[in-house]
Amino acid sequence: MRIHDTLSGTEKELQPALAPDGVVRMYVCGVTPYSESHVGHALHAIVFDVLRRYLDWRGIPVKHVQNFTDIDDKLIDRAQRLGIPMQDLAEQNIEDYHRQIAAMNVLPAHEYPKVTETVPHIIDFIMGLIDKGFAYPAGGDVYYRVRVFGGPRYGALSKRDIDDLLSGARIDPTELKEDPLDFALWKAAKPGEPSWPSPWGLGRPGWHIECSAMALHSLGEQIDIHGGGADLIFPHHTNEIAQTEAYTGQAPFARIWMHNALLQLGSEKMSKSLGNFVSISEALEKYGSDALRLFVLTSHYRSPVTYSDDALEAARSGADRLRNAAFVEPTGDLEPASIAGLRERFQEAMDNDLNTPQALAVVFDVAKIVNRDRDQKKNVRPAQALLRELAGVLGLTLSAPESASQEAAPFIDLLVALRTDLRAAKLWALSDRVRDGLAELGVTVKDGPEGTTWTAG
RNA sequence: GGCGCCGUGGCCAAGUGGCAAGGCAGAGCUCUGCAAAAGCUUCACCGCCGGUUCGAAUCCGGCCGGCGCCUCCA
């Protein structure tokens with residue numbers, strides 16, 4: 001398959017994998033767990049989950065590593081304000097993250113490294129950079145020499161000129177940088193901050209070094225795919241390239257840099273620091289997992305999407321349509337309609353830089369065939385099986401609505417049976433009263449040629 | 001200021017040289033006691049202007065209108 005690579009600006013063929021075992025090495029930058037996850041993180045998780053599922057489906061083995069940056073300025077600030085240890089706060093939010101992505105049917109990564117568990121590797125990494133002249137200690141800090149790495153090479157990912165960056169460089173008079181462009185690999189501890197011993201005294205890792213160290217140790221010197229949100233292109237991924245390529249002497253660090261566009265809310269980017277976010281749990285409660293996924297996947301991962309209730313409701317209706325088709329009673333036995341070519345169309349779309357909107361169009365086409373076969377008394381099983389298979393690659397569950405309660409089911413069955421008798425007696429007013437009453441309680445009753453069915457939820 | 005992106009039917013969104021996928025919403029019909037679900041039919045010439053080409057939504061130039069990033073951020 002082909003995936004757009006941010007560094008070259010072109011689509012690149014994914015295979016063959018770099019590693020001799022043929023396993024695709026995929027490192028995805030995860031979250032800084034200082035607060036609840038929002039739907040922007042959901043989009044990110046869904047995009048890489050779909051890539052992962054698709055590779056699985058194609059039989060391409062993949063190792064997916066996603067980190068938690070659990071040492072961070074905001075984490076420290078917030079923990080201090082709450083009066084709890086930084087690690088406790090991080091763990092709470094990491095647990096929340098795992099819960100939310102599980103609720104979205106996101107497959108867990110194979111590894112979830114944390115900075116707090118990587119500090120020794122990070123220190124080794126920084127020492128290596130110092131040895132090679134790419135980094136220098138100053139005070140209790142250690143900085144990376146951007147200009148030694150090289151301007152054009154440093155600006156390549158973000159397509160910027162190093163001298164333009166200079167104007168935006170953050171200048172903190174307490175830092176002892178040789179050059180304003182240099183960035184911190186290690187920060188000396190301030191009073192009250194969590195810290196770790198190092199050759200440069202007590203301190204903690206800077207923001208970018210953890211990912212370089214984790215990727216190196218979990219996946220190796222060169223990897224196939226490095227992913228993350230588009231907001232990480234600069235400075236985070238830019239600095240990762242500088243660190244890793246300087247340390248290993250190997251280039252490129254990642255064959256494909258894959259970035260998802262950011263989710264917008266109204267016209268503003270949804271962001272934790274802007275405080276304008278919708279949490280994942282909120283969205284899931286309102287619309288459900290399949291609707292959220294459908295919303296994300298109806299646009300291409302590199303196009304920004306705007307979160308809105310209208311869009312989510314439309315997605316929910318679409319999800320209902322797919323689910324209905326998946327639950328059509330497979331009673332027909334005439335020769336089924338041909339589904340030839342649909343699987344290929346799906347694969348072609350996905351191969352083309354994960355074109356999920358086109359892939360979804362195929363899924364909807366399959367749903368249409370299911371419904372048509374049903375209406376024509378044909379065997380719907382082949383189309384239905386394909387529907388479930390392809391929807392599954394996209395991580396859609398198409399699961400039946402949650403039954404209100406198992407205890408209620410026999411009573412609902414009884415009411416529905418009673419209503420069937422009323423209908424047989426053509427007592428329409430009474431039968432409608434039963435249906436309306438059940439509807440108010442959240443139970444939908446449908447009369448079909450094969451009898452009456454009901455769903456709750 | 002620098003870099004980049006976008007403008008396709010009522011809404012969302014693919015398509016990036018050969019008569020415009022899909023979803024949601026709407027209309028008509030079919031089925032149905034009614035309803036729901038479903039099927040069939042119907043609904044766009046692609047921001048504006050110019051150019052290249054046998055042919056452009058798709059390439060080039062200009063204009064108008066949105067937006068993102070530029071060291072907190074998926």
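Convention: sequence-line order gives letters A, B, ...; per-chain numbering from 1. Atoms considered below: every heavy atom in the structure, side chains included; atoms not considered: hydrogens, waters and symmetry mates. The model shown is predicted, which means the values in this text are computed figures rather than measured ones.
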Remember a base hit wins even if backbone is also touched, and classify A:R419 as base, sugar-phosphate or nothing at under 4.0 Å, heavy atoms.
-> base
Selected nucleotide, minimal atom distance to A:R345 side chain, candidates B:rC34, B:rA38, B:rA21 | B:rA21
Find which nucleotide of RNA chain B each of A:A429 and A:N239 is nearest to by heavy atoms, and output the residue with the more 5' nucleotide.
-> A:A429
What does B:rU52 pair with, Watson-Crick or G-U, if both distances are under 3.5 Å?
-> none
Per A:L263 side chain, nearest of listed nucleotides B:rC67, B:rG33, B:rA74 | B:rA74
Do A:E245 and A:R153 sit within salt-bridge range, that is, some charged N less than 4.0 Å from a carboxylate O?
-> yes
Taking atom C1' of B:rC70 as reference, at what distance in whole Å does atom NE2 of A:H237 sit?
-> 16 Å
Of the candidate nucleotides B:rA21, B:rC70, B:rC34, which contains the atom at the shortest distance from the side chain of A:R423?
-> B:rC34
May I ask you to evaluate whether A:R321 reaches the phosphate of B:rA36, defined as a side-chain N or O under 4.0 Å from OP1 or OP2?
-> no
For nucleotides 4-17 of chain B, read 5' to 3', which letter fits each nucleotide if B means a protein heavy atom sits under 4.0 Å from the base, S means only the sugar-phosphate is that close, and - means neither?
-> ---------SSS--
Donor-acceptor pair present, A:R374 side chain and B:rA38 base, under 3.5 Å | no
Atom-to-atom span, CG of A:N324 to P of B:rA35 - whole angstrom = 18 Å
In whole angstroms, the gap separating P of B:rU32 from CZ of A:R435 amounts to 15 Å
For the pair made of OH in A:Y112 and C1' in B:rA74, what is the distance, rounded to whole Å?
-> 13 Å
Which is true for A:V445 with a 4.0 Å heavy-atom rule: it touches a base, it touches only sugar-phosphate, or it touches nothing?
-> base
Considering only heavy atoms and no angle criterion, is a donor-acceptor pair shorter than 3.5 Å present between the side chain of A:D432 and the base of B:rG33?
-> yes
Opposite nucleotide pairing with B:rC3, Watson-Crick or G-U, both atom distances under 3.5 Å | B:rG68
Within the structure shown, what part of the strands sits under 4.0 Å from A:R316 by heavy-atom distance: base, sugar-phosphate, or nothing?
-> nothing
Gap in Å between the two P atoms, one belonging to B:rU42 and one to B:rU8, rounded | 24 Å
Spacing between A:D231 atom CG and B:rC70 atom P, to the nearest angstrom | 8 Å
Side chain A:R293, main chain A:G395, donor-acceptor under 3.5 Å = yes
Separation of B:rU71 P from A:I241 CD1 (nearest whole Å) = 18 Å
B:rU42 - base-pair partner by Watson-Crick or wobble geometry, distances under 3.5 Å | B:rG26
Report which part of the nucleic acid A:N371 touches: base, sugar-phosphate, or nothing (heavy-atom distance under 4.0 Å, all strands).
-> sugar-phosphate
Among B:rG33, B:rC70, B:rA74, the one nearest A:F234 by side-chain distance = B:rC70
Does the aromatic ring of A:F364 sit over the six-membered base ring of B:rG22, closer than 5.5 Å centre to centre and tilted less than 30°?
-> no
P-based separation of B:rA13 from B:rG47 [nearest Å] = 14 Å
How about A:C29 and A:H236: do any of their side-chain heavy atoms sit closer than 4.5 Å?
-> yes
Looking for any heavy atom pair under 4.0 Å, which part of the strands does A:G448 touch: base, sugar-phosphate only, or nothing?
-> nothing
Watson-Crick or G-U wobble mate for B:rA13, both contacts under 3.5 Å | none
Over 12 foreign heavy atoms within 6.0 Å of CD, A:E111 = yes
Any ion pair linking A:R78 and A:D72 (charged N to carboxylate O, less than 4.0 Å)?
-> no
What integer distance in Å separates A:L181:CG from B:rU71:C1'?
-> 10 Å
According to a strict under-4.0 Å criterion, is A:W207 in side-chain N/O contact with OP1 or OP2 of B:rC73?
-> yes
Going by the angle between their ring planes, with limits at 30° and 60°, are A:Y144 and A:F183 parallel, tilted or perpendicular?
-> parallel
Phosphate OP1/OP2 of B:rC40: any A:R372 side-chain N/O under 4.0 Å = yes
Salt-bridge contact A:D49-A:R53 (side-chain N to carboxylate O under 4.0 Å) | yes
Does CD in A:E11 sit with more than 12 non-hydrogen atoms of other residues, nucleotides or ligands closer than 6.0 Å?
-> yes
How far, in whole Å, is B:rG23 from B:rC6 if one measures between their P atoms?
-> 25 Å
Can you tell me how far P of B:rU71 sits from OH of A:Y154, to the nearest Å?
-> 11 Å
Flag yes if more than 12 heavy atoms outside A:R2 fall under 6.0 Å of its CZ atom; otherwise flag no.
-> yes
Distance, P atom - from B:rG26 to B:rC67, rounded to whole angstrom = 30 Å
P atoms of B:rC59 and B:rA14, separation to the nearest Å | 16 Å
Looking at every strand, decide which applies to A:A314 at a 4.0 Å heavy-atom threshold: base, sugar-phosphate, or nothing.
-> sugar-phosphate
Which part of the nucleic acid, if any, lies within contact of A:D320, taking any heavy atom under 4.0 Å across all strands shown: a base, the sugar-phosphate backbone alone, or nothing?
-> nothing
For the residue pair A:D309 and A:Y287, establish whether any side-chain heavy-atom pair is separated by less than 4.5 Å.
-> yes
First of A:H208 and A:D447 reached from the 5' end of RNA chain B, by closest nucleotide | A:D447
